Amino acid sequence: MSKYDFQAIEQKWQAYWAQNATFRALGPGDEGFDASRPKFFVLDMFPYPSGAGLHVGHPLGYIGTDIVARYKRMTGHNVLHPMGFDAFGLPAEQYAIETGVHPRDTTRKNIANMLRQLKAFGLSYDWDRELATIEPDYYRWTQWIFLQIWGSWYDEEQDKARPVAELEQALEAGEYLVGEDGDLVSAGSEGARTWQSLDESEKREFIDGRRLAFISGVPVNWCPGLGTVLANEEVTNDGRSERGNFPVFKRPLRQWQLRITAFAERLIRDLDDLDWPEPVKLMQRNWVGRSRGASVEFRVAGSDEAIRVFTTRPDTLFGATYMVLAPEHPLVETVTVPDQRQAVSTYQAEAGARSDVDRQADSRTKTGVFTGAFAINPTTGEEIPIWIADYVMMGYGTGAIMAVPCHDSRDFEFAKTFSLPIVPVIAPDPKWLAQQAEAIKLEEDPLECYLADPTVFPEAFCGQGTSINSANREVSLNDLSTAKAQQRIISWLEQKGLGFAQVQYKLRDWLFSRQRYWGEPFPVLHGPDGRIQPVPESELPVVLPEMEDFRPSASDDPEAEPKPSLGRAPEEWRLVEVEGQRWERELNTMPQWAGSCWYYLRFIDPHNSERFVDREKEHYWMGAGGVDLYVGGVEHAVLHLLYARFWHKLLYDLGHVSTSEPFRRLFNQGYIQAYAFQDARGVYVPASEVVEEDGSFYHNGQKLTRSYGKMGKSLKNAVAPDEMFAEYGCDTLRLYEMYMGPLETSKPWITRDIVGVSRFLQRVWRNFFDKEDGSLLVSEEAASGEIRRLLHATIKQVTHDMETLSFNTSIARLIELNNALVGLDSLPREVAEPFVLMLAPLVPHLAEELWQQLGFTESLAYAPWPDFDERYLVKEEVEIAIQIMGKMRGTVCVAPDAVEDDVREAALAEEKFRRHLDGKTIRKVIFVPGRLLNIIAN
RNA sequence: GCGAAAGUGGCGGAACUGGUAGACGCGCGAGAUUUAGGUUCUCGUGGUUUAGGCCGUGGGGGUUCGAGUCCCCCCUUUCGCACCA
């Protein structure tokens with residue numbers, strides 16, 4: 001073979017791998033499985049099968065994981081490397097609606113197309129494990145897991161989820177009682193009722209109220225444009241749907257929710273042990289949003305009512321000069337005095353009508369209305385006014401706050417606007433005072449002025465400090481630091497029964513139902529008396545009914561009622577007869593994220609019809625902390641990764657999986673970006689048709705402006721892989737994508753640059769085969785010392801880079817090695833073989849071909865990864881940097897084991913170094929063996 | 001506003017715990033092969049310069065024998081959160 005015929009080679013080896021099932025992963029129970037080898041589970045975030053097809057940016061991460069998978073096979077691991085499709089959900093359904101074809105047909109077609117495109121990249125997936133979340137064999141188990149969640153409660157004492165049946169047993173046995181407020185209390189609690197004293201419906205209500213999947217009527221995100229409700233995570237900052245950018249409204253609706261909040265603490269705590277990018281951990285911590293503080297009760301003056309608030313600064317309690325309720329707070333109706341009723345309800349109506357977008361727009365100016373009622377500050381005994389204002393949210397804490405205007409910037413603004421009293425209870429630190437005084441050019445003593453009137457400065461002091469003005473007959477916080485003051489006030493509050501230390505989370509329960517067609521049906525039946533009953537496990541899956549019209553009931557009207565698509569399903573699906581009564585199926589479907597919460601587990605055992613995953617197989621592949629490497633984009637930092645961790649922990653608590661976390665190591669790949677071009681009207685023109693002339697860009701003679709962004713349809717700057725395959729081949733494309741830069745960063749696609757790696761592969765070929773007759777140039781002669789040293793240095797570096805996924809630098813080292821081989825008459829086998837093995841993960845087709853040409857009859861997929869020998873890394877001579885007074889002046893060559901005196905002598909022997917020392921005395925010499933000598937003189 | 005990450009030649013990017021800045025590739029320049037273009041090969045390529053140097057990793061300070069790397073201040077870009085009490 002005289003020419004590198006990539007087309008023929010790539011076809012040949014892809015066929016070979018398929019025929020020989022080269023990448024079939026053997027696990028426990030499979031014939032030929034070798035349990036003595038370590039396992040490696042390397043996973044990609046599986047894609048949505050969109051109709052648009054792939055561009056060169058999509059497979060970036062897949063190429064990365066493929067290289068790791070191939071490398072790990074060569075280092076003796078049993079590798080699990082699967083791929084599948086996340087095919088339920090809005091994108092697939094929206095696409096189906098656009099084309100008017102049933103989503104099952106469009107998604108299956110899209111999957112087939114995407115499979116074809118993926119396979120062309122020569123990725124070493126075990127395709128026998130391919131799965132799609134839309135197949136009944138798969139979503140049967142998604143439904144099964146939902147039933148596990150429904151059948152569980154959270155045991156706070158044991159800090160884990162447990163089956164509801166165990167709760168019922170414990171109640172039956174009297175280990176627990178039902179408290180006055182309907183809460184769960186331990187035996188012996190005062191005023192508690194026994195389980196037996198409850199009637200059937202009370203019992204059911206009690207249990208249903210503790211389930212981890214429950215129906216509740218809290219305000220949810222209603223998106224009429226999509227015809228469905230959405231999770232908090234699916235709503236953007238400006239109150240729109242992440243999918244489709246439709247407006248979203250808060251409305252109280254009865255919906256399914258999953259009690260993810262029960263796991264809040266563990267979802268934060270367990271991040272510590274994960275090998276994840278710090279920014280992702282931080283985003284998750286922020287999303288869960290843990291804050292410590294106190295719950296405090298304020299009595300309403302002249303009434304039996306009390307307002308409970310959460311505060312992170314109980315130490316400022318003496319400074320609470322008013323209270324604010326969220327406009328939606330239930331106590332607003334009871335406390336408002338008749339004179340203020342009109343103003344209050346007007347304000348409530350206004351606040352209710354404002355969308356989140358409006359509230360966002362003028363978040364700076366504070367509005368509110370006095371209710372006419374007063375609460376009593378428990379520390380001072382003073383009556384403080386109760387206001388309502390939309391800067392307090394119903395969704396966080398208790399929906400009410402104690403306002404400490406002197407030490408909270410929002411309360412400060414509000415108090416200034418409505419002339420409410422502002423009392424300092426923390427002495428600001430001198431640095432802050434000095435800064436503030438500087439800002440307003442204050443001449444007098446800043447502390448004195450501040451204490452006299454805290455509004456002299458434009459800002460409130462919100463930091464920690466020493467408490468002042470904080471004492472009553474029973475307790476004094478004065479002169480205490482913030483931490484100490486908090487401790488003291490909390491113990492005082494506890495003593496008085498007015499409050500206690502509390503931890504609050506930002507995380508809300510997960511809104512889990514959607515009114516769309518294209519999702520997993522809930523395996524739940526609703527009885528005529530409002531009872532809920534699960535579909536028995538033996539009857540799973542509940543298959544989506546065939547429907548002509550699967551479109552959602554979308555609307556522009558925010559008042560439109562949600563109408564699940566399944567409401568139009570045929571009666572024989574909707575209605576089920578149980579013991580002579582007609583029960584109706586749940587008509588909502590599960591959200592997109594359900595299927596992706598556990599797919600990694602199904603890959604372990606994709607065809608099991610008895611269990612969602614075989615225990616022994618799960619134990620093997622998920623051992624040592626779960627998936628060994630999980631690669632995907634940062635966009636899933638909160639949504640998918642938080643939901644999946646939640647489900648996994650629940651399955652762990654119930655004993656269904658063996659690790660408490662699903663993904664031990666997470667890696668975020670960057671994006672491939674590309675230049676995009678707009679004409680004078682701002683319309684994007686296809687980047688492929690743009691011509692460059694003297695640094696300007698033209699399309700049909702029109703001058704264009706150039707911008708830069710993520711590759712895709714909207715910017716018309718996508719590059720299709722097919723063109724690249726045709727011109728350069730798949731190995732070259734793979735290599736270029738890895739060579740562009742670090743896998744984790746975003747970087748620009750520049751088609752011109754691909755010739756660099758193409759030339760490299762051509763040159764590799766020419767090093768192996770004679771240009772004229774195509775004969776193999778490999779010889780059995782030993783390599784020279786220099787080539788051998790370079791080979792071993794390359795093995796060392798490339799091996800290291802494989803572990804850190806630094807493929808760009810390993811490729812650079814391989815290019816260097818290859819360049820060094822160019823001048824040789826023949827290629828020593830001792831270099832050729834390890835060189836091919838190192839190329840194998842990166843350019844597998846070419847490497848297989850070379851391996852075969854070297855005389856091997858089997859695939860190199862499981863050939864042992866080359867080792868390096870430290871002995872060969874020793875150079876005969878090393879260059880030592882010579883610095884005079886810390887400045888680089890050149891280098892000297894010495895033996896690698898040269899000591900300071902040798903190097904110094906060699907340096908001083910040369911005029912070019914001595915020159916800089918003329919007339920100076922050497923004061924000090926710094927020597928770093930093998931690297932540098934620095935002579936200090938004056 | 002708060003938080004995080006990043007700023008290195010004409011371009012993509014190297015540089016492990018402070019120790020020869022710019023590996024490798026693109027582009028560019030010169031030469032060789034070729035009828036020519038392309039391919040291929042060799043050499044060169046941070047800036048400046050009086051050829052000894054001098055200046056260079058966003059800007060300004062600092063620590064150190066020595067700073068792209070550590071510390072402080074500032075600028076720019078990207079991302080995340082956003083009245084979270």
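All heavy atoms count here, side chains included; hydrogens, waters and symmetry mates do not. Protein chains get the first letters and strands the later ones, always in sequence-line order, with residue 1 at the start of each. Small disclaimer: the values here were computed from a predicted structure and weren't measured.
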Pairwise C1' distance for B/G44 and B/G9, with rounding to whole Å: 15 Å

Touch class at under 4.0 angstrom, heavy-atom based, for A/L932 against every strand present: base

Sugar-phosphate only, base, or nothing, as touched by A/K506 at under 4.0 Å among non-hydrogen atoms: base

Sugar-phosphate only, base, or nothing, as touched by A/T891 at under 4.0 Å among non-hydrogen atoms: base

A/N934 (side chain) donor-acceptor with A/V925 (main chain) under 3.5 angstrom: no

Nearest-angstrom distance, P atom, B/G27 to B/A21: 28 Å

Whole-angstrom distance between B/C74 and B/C79, as gauged at atom P: 23 Å

Touch class at under 4.0 angstrom, heavy-atom based, for A/H916 against every strand present: sugar-phosphate

Plane angle bin for A/W765 and A/F769 - parallel if under 30°, tilted between 30 and 60°, otherwise perpendicular: tilted

Sugar-phosphate, base or nothing in reach of A/S409, heavy atoms under 4.0 Å: nothing

P gap between B/G60 and B/C65, integer Å: 23 Å

Touch class at under 4.0 angstrom, heavy-atom based, for A/Q883 against every strand present: base

Watson-Crick or G-U wobble mate for B/A30, both contacts under 3.5 Å: B/U42

A/Y708-A/N717 side chain donor-acceptor pair, cut-off 3.5 Å: no

Sugar-phosphate, base or nothing in reach of A/R813, heavy atoms under 4.0 Å: base

Plane angle bin for A/H407 and A/F461 - parallel if under 30°, tilted between 30 and 60°, otherwise perpendicular: perpendicular

Donor-acceptor under 3.5 Å (A/Y347 side chain, A/D390 main chain): yes

Interatomic distance at C1', B/G59 relative to B/G52, whole Å: 31 Å

Sugar-phosphate only, base, or nothing, as touched by A/E879 at under 4.0 Å among non-hydrogen atoms: base

N/O (side chain, A/R766) to phosphate O (OP1/OP2, B/U39) under 4.0 Å: no

Torsion-based syn/anti label for B/G29, 90° from 0 as limit: anti

Centroid-centroid under 6.0 Å between A/Y322 and A/F414 rings: yes

Integer angstrom distance from the P of B/U64 to that of B/U69: 16 Å

Sugar-phosphate, base or nothing in reach of A/N808, heavy atoms under 4.0 Å: sugar-phosphate

Sugar-phosphate, base or nothing in reach of A/I926, heavy atoms under 4.0 Å: base

Sugar-phosphate only, base, or nothing, as touched by A/N286 at under 4.0 Å among non-hydrogen atoms: nothing

Touch class at under 4.0 angstrom, heavy-atom based, for A/R290 against every strand present: nothing

